Protein chains: 2
Amino acid sequence: MQQIEKQVVDWLDNHLAKAIRLLKRLVGEKSTFGAEFNAQAIVLEKLRQFKMDIDVWEPSLKQLKQHPYFKSDRTDFSESPNIVAKKAGESNGRSLILNGHIDVVPAGDIKAWKSEPFQAAEENGRIYGRGSTDMKGGNTALLFALEALHACGVKLKGDLFFQSVVDEECGGAGTLSAIMRGYRADGALIPEPTNMKLFIKQQGSLWFRITVKGLSAHGGTRYEGVSAIEKSMHVISALQELEKVRNARISDPLYEGIPIPVPINVGSIAGGEWPSSVCDRAVIQGRCGIAPHEKPEAVKEEMTNWLKDLEYRDEWFKRHPVKLEWYGAQWLPNDLPKDHDLVSVLQSSYEKIRHTEPVIEASPWGTDGGLLHHAAQTPVIVFGPGETKTAHQANEYIEIEALLESAKIISLFIMDWCGIHEQGSEADDQSDEA
Amino acid sequence: MQQIEKQVVDWLDNHLAKAIRLLKRLVGEKSTFGAEFNAQAIVLEKLRQFKMDIDVWEPSLKQLKQHPYFKSDRTDFSESPNIVAKKAGESNGRSLILNGHIDVVPAGDIKAWKSEPFQAAEENGRIYGRGSTDMKGGNTALLFALEALHACGVKLKGDLFFQSVVDEECGGAGTLSAIMRGYRADGALIPEPTNMKLFIKQQGSLWFRITVKGLSAHGGTRYEGVSAIEKSMHVISALQELEKVRNARISDPLYEGIPIPVPINVGSIAGGEWPSSVCDRAVIQGRCGIAPHEKPEAVKEEMTNWLKDLEYRDEWFKRHPVKLEWYGAQWLPNDLPKDHDLVSVLQSSYEKIRHTEPVIEASPWGTDGGLLHHAAQTPVIVFGPGETKTAHQANEYIEIEALLESAKIISLFIMDWCGIHEQGSEADDQSDEA
């Protein structure tokens, strides 16, 4: 490592408490769908310390609707500002976008949590709380890296953009709005929880809603009705089989370690309103993965045709076909060539810290990287602390050690990718209490 | 038929428009759970014309809670008054309770209705609307019969009670409150929709709630979670099999024509809140029938044990057993001996109008008759217009002809059961515009 690299890494080692404090504050703000304001205020307060040009705006629904990739049901962004902070490069190095989403999914069954989901709890080297892994931990790693570079006086050749976006969990309207505002770069890094692996391909995904019809009747003569709940069981079985068929086709070795590369997740079911009535309508909602090589339209067509065949399982569906809708979110898949510079530069930074080769994989879930790739022609690599298996779960947590290591790797990566213009000297860690 | 009987029947034939108008007004009031007030006001307005002693009160939750048969989740009766009207007998004839519930179930899927559910529509000799059959049609037949007796100046030997009760669909708190207020009689008739059959046995029923656990995860790595929706499919299959086992035991010939004498109806399912998350909790709610000979406690025990065996279907349930609760409503079963006078008297009235023998059956659904039988020692027969298969359904309707015929049969039944004290003469059909 060069001297400046060592200086930055040492600074990070010596200021870990700052990162922990920041992450705890971010977890403490319940930044679910449409309520990202308070968490963004904390990000803003932090960014103001780094002497970057700050751009804060509410995404415009009117403008977003004009974009072919806008697929959200969202109508109101008044509590959901986006933030982009820019550090202009000193000369003509490569530009870089660091992108993280500030929104989190709901807590789920509150009883399954050992601690308050929106109150960070530290235990055994971990920080627990909704969003700790997905992805306030990654965001904290970015901000911690920026703070180290600032504190160590690092000046970069290329432009550096930090983006704290809303709405990733609902389809990416935040990142799309940043793209429509003109933000793009020679490369981007998204620190979603990859468990420190380099994810160069990401699955895309679509949300679907299937409405199943029944025939209402009094529960006491239920044989005179048709239960939409019973019929839904056929629909769920059919989706399980479609998932098998779709995944049997995936041969990409990057997906080797992943049991279901392109899952179909039935996330919710709701049917019936009265215990003594036969349920006449049930609604199934879920998420269907898109393989990196697939087009969303082809996936839609396949599921549409598959559900038409329900009538061979049960004659009821012949006269009462299910209704399939694609609603809300859509994440585009992403595909970065393995020989792209983003991979080699990040690999080199990784090895300097971890002294071993990184695992390079495809991710079974989508990110805003698909949008940056398709809509902003910005190549994207996904790398961050935390494990997917704790994301969207009760007792979500992040390892503090991974948070620190990823901040170190990302700092080195930024310096290498953008280039160091001139070595700074004076550290100013008094001025920036978080 | 005696002269007075013929006079009453003729009066009903000549005043059918009154009954139709009354039923339409009742259907027009959305008297679902906790909102029975306006429909009761119409009943009250009608009853005031018949010179009966009227008792109107809000059931007292505090008092109801002291009764062992009170099983409702209901907490507020402020919009749910009960009405009992009494016509004291002239001498010592048999007393009779006419009992009908004014509450209706919700409309269900509004799109399945051809007309507004809470706006009566007349077409091809039918009246459509929620509650037309279950059981504002039966209530209208009772009121129409009372009006005929009043108009024809019929005086009865025994006491006659008309009860318009709330809360039948939620467990019978209305009838229970009337019983606790002291109302009982030598016999009772409940005109629930039996399609003009005489129902002497009624199935009881219990509401159950089953909570199924899963393990939350990101939908993109759904294999790291456990779907409570998938596990619910096992639970529903188990309930379907339990229903088969329970019904295979029923040998009573009264149930011969009924495909499922004691059904288990899964009325609703709700699980998951996010398409991209694995569902970690699903709740199934339904209604379990109790055979006339069964005790509720025995039924509860059987289902409890049955669900314990889920672990043999799927190991998940060994460490995560489902939670079974009995909540809200309970209807006690009813059992009237076939040789009871209520049967022979009603049969005789029936034959005078229809000139054929009535069908005597057991009903696959419960009524407030179980409470009258068990808590008020009042023998109960159930007989009324309308078919169960339209109850609790979209496009619920009643045949106007059946409404008229049942009013005739019930009028004759009242006169025969209570006895005629002295024949009235002057009809006063000017004084009572509905």
Side-chain angles (χ1 to χ4, degrees), chain A residues 105-106 108-109 112 134 169 203 205 207-209 215-225 227 229-230 232-233 236-237 240 258-260 263 265-282 284-287 289 328-329 363-366 388-389 391-394, chain B residues 105-106 108-109 112 134 169 203 205 207-209 215-225 227 229-230 232-233 236-237 240 258-260 263 265-282 284-287 289 328-329 363-366 388-389 391-394:
Chain A
V105 297
D109 181 11
D134 184 12
E169 298 288 359
Q203 189 197 121
S205 62
W207 280 1
F208 60 85
R209 179 187 294 132
L215 178 66
S216 180
H218 190 295
T221 51
R222 70 169 198 80
Y223 44 85
E224 289 169 350
S227 166
I229 295 169
E230 284 178 21
S232 295
M233 291 168 70
I236 292 171
S237 297
Q240 288 169 336
I258 295 169
I260 311 175
N265 182 64
V266 172
S268 73
I269 184 169
E273 38 182 329
W274 198 257
S276 295
S277 292
V278 175
C279 167
D280 62 356
R281 184 169 175 274
I284 292 165
Q285 296 188 138
R287 170 198 184 279
S363 73
W365 30 263
T388 321
K389 73 173 177 198
H392 294 216
Q393 274 210 2
Chain B
V105 297
D109 181 10
D134 183 11
E169 298 289 0
Q203 190 197 119
S205 62
W207 280 1
F208 60 84
R209 180 187 292 130
L215 178 65
S216 182
H218 190 295
T221 51
R222 72 169 196 79
Y223 44 85
E224 289 171 349
S227 166
I229 295 169
E230 285 178 20
S232 295
M233 292 168 69
I236 292 171
S237 298
Q240 288 169 336
I258 294 168
I260 311 175
N265 183 63
V266 172
S268 73
I269 184 169
E273 42 182 325
W274 198 256
S276 295
S277 292
V278 174
C279 167
D280 61 358
R281 185 170 175 271
I284 292 166
Q285 295 187 141
R287 170 199 183 278
S363 73
W365 30 262
T388 321
K389 74 174 178 198
H392 293 216
Q393 273 210 359

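Computed from a predicted model, the values in this text were never measured in an experiment. Note on naming: letters A, B, ... go to the chains in the order of the sequence lines (proteins, then strands), and numbering restarts at 1 for each one.
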Colleague: B:A112, B:P263, B:P259: which one forms the most heavy-atom pairs within less than 4.5 Å of chain A?
Modeller: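 Most heavy-atom pairs under 4.5 Å with chain A: B:P259.
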Colleague: Taking the side chain as every heavy atom from C-beta outward, state whether A:Q393 and B:S277 have any atom pair closer than 4.5 Å.
Modeller: no
Colleague: Side chain, backbone, both or neither: which part of A:I269 has an atom under 4.5 Å from a heavy atom of chain B?
Modeller: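 For A:I269, backbone and side chain are both near chain B.
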Colleague: Report which part of A:E230 has an atom under 4.5 Å of a heavy atom belonging to chain B: side chain, backbone, both, or neither.
Modeller: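 For A:E230, the contact with chain B is made by the side chain alone.
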Colleague: Heavy-atom cut-off 4.5 Å, strictly under: side chain, backbone, both or neither for A:V278 against chain B?
Modeller: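 Backbone plus side chain of A:V278, per the 4.5 Å heavy-atom cut-off to chain B.
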Colleague: Write down the atom of A:M233, the atom of B:I236, and the distance for their closest heavy-atom approach.
Modeller: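 Closest heavy-atom pair between A:M233 and B:I236: SD-CG2, 3.4 Å.
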Colleague: Determine the minimum heavy-atom distance between A:E273 and B:D109, stating which atoms define it.
Modeller: OE2-N, 4.3 Å
Colleague: Between B:A217, B:A270, B:A391, B:S363, which residue shows the highest count of heavy-atom pairs closer than 4.5 Å to chain A?
Modeller: B:A217
Colleague: Using heavy-atom distances under 4.5 Å, tell me whether A:S276 contacts chain B through its side chain, its backbone, both, or neither.
Modeller: both
Colleague: Give me the atom names and distance for the closest heavy-atom approach of A:T388 to B:E224.
Modeller: C-OE1, 3.9 Å
Colleague: If you count heavy-atom pairs under 4.5 Å between each of B:V105, B:I260, B:I258 and chain A, which one has the most?
Modeller: B:I260
Colleague: Given that the side chain runs from C-beta out, which part of A:A394 has a heavy atom under 4.5 Å from chain B: side chain, backbone, both or neither?
Modeller: backbone
Colleague: Between B:V266 and chain A, which part of the residue has a heavy atom less than 4.5 Å away: side chain, backbone, both or neither?
Modeller: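 B:V266 touches chain A through backbone and side-chain heavy atoms alike.
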Colleague: Can you confirm whether B:W274 sits close enough to A:R287 that some side-chain heavy atom of one is under 4.5 Å from a side-chain heavy atom of the other?
Modeller: no
Colleague: Which heavy atom of A:G267 sits nearest to which heavy atom of B:C279, and what is that distance?
Modeller: O-CB, 3.6 Å
